[in-house]
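The analysis underlying the following values was restricted to heavy atoms, covering all of them including side chains, and did not include hydrogens, waters or symmetry mates. Remember, it's a predicted structure, so these values are computed and weren't measured experimentally.
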Amino acid sequence: MAKKESYADKLKHPKWQKKRLKIMGRDRFTCKKCGDTETQLHVHHLEYNNDGNPWDIDDKLLVTL
């Protein structure tokens, strides 16, 4: 039986990294909550699909914080 890939492992996947950069670019590498551009930014899901992959979620449900 194959080991299920952890969520942390999925966040290292090239497909997520590509999607992550796309969203950060869309948001102009700026926190959408406070406008910060200096500290480390992350892309967050507004909704989660526990059965899917993080890169499969619709762009409108992702935000740079």
To the nearest 0.5 angstrom, please state how far the [atom1] atom of [X] sits from the [atom2] atom of [Y].
X: Gln40; Y: Cys31; atom1: CD; atom2: SG; answer: 12.5 Å
X: His45; Y: Ile23; atom1: NE2; atom2: CD1; answer: 9.0 Å
X: Trp55; Y: Gln17; atom1: CH2; atom2: CD; answer: 10.5 Å
X: Asp27; Y: Leu62; atom1: CG; atom2: CG; answer: 9.0 Å
X: Glu47; Y: Lys60; atom1: CD; atom2: NZ; answer: 9.0 Å
X: Glu5; Y: Lys12; atom1: CD; atom2: NZ; answer: 10.0 Å

Side chain Lys19, main chain Ile57, donor-acceptor under 3.5 Å
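At least one qualifying donor-acceptor pair exists.
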
If two hydrophobic side chains count as joined below 4.5 Å and joins carry through other members, does Leu21 share a cluster with Val63?
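Not linked; separate clusters.
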
If hydrophobic clusters are built from ILVMFWY residues whose side chains come within less than 4.5 Å, do Trp16 and Leu65 share one?
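In one cluster with Trp16: Leu65, no.
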
Who pairs with Asp58 by side-chain hydrogen bond (donor to acceptor under 3.5 Å, both in side chains), at least two apart in sequence or on another chain?
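With sequence neighbours excluded, Asp58 shows a side-chain hydrogen bond (donor to acceptor under 3.5 Å, both in side chains) to no residue whatsoever.
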
Taking atom NZ of Lys10 as the centre, does the number of heavy atoms from other residues, nucleotides or ligands within less than 6.0 Å exceed 12?
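Buried by this count: over 12 neighbours within 6.0 Å.
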
List the steps and the verdict of salt bridge (charged side-chain N to carboxylate O under 4.0 Å, His left out) for Lys22 and Asp59.
CA-CA 9 Å; Lys22 176 183 174 186; Asp59 290 357; 2.8 Å; yes

Could you pull out all residues at least two apart from Asp56 that satisfy side-chain contact (heavy atoms from CB on, under 4.5 Å)?
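Testing Asp56 for side-chain contact (heavy atoms from CB on, under 4.5 Å), a comparison that skips the adjacent residues, returns Asn53.
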
Taking all non-hydrogen atoms of both residues into account, name the closest pair between Lys15 and His13 and its distance.
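The pair with the smallest heavy-atom distance is N-ND1, 2.9 Å.
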
Contact between Thr64 and Thr30 at the side-chain level, heavy atoms closer than 4.5 Å - yes or no?
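In short, these two side chains do not touch, never coming nearer than 4.5 Å.
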
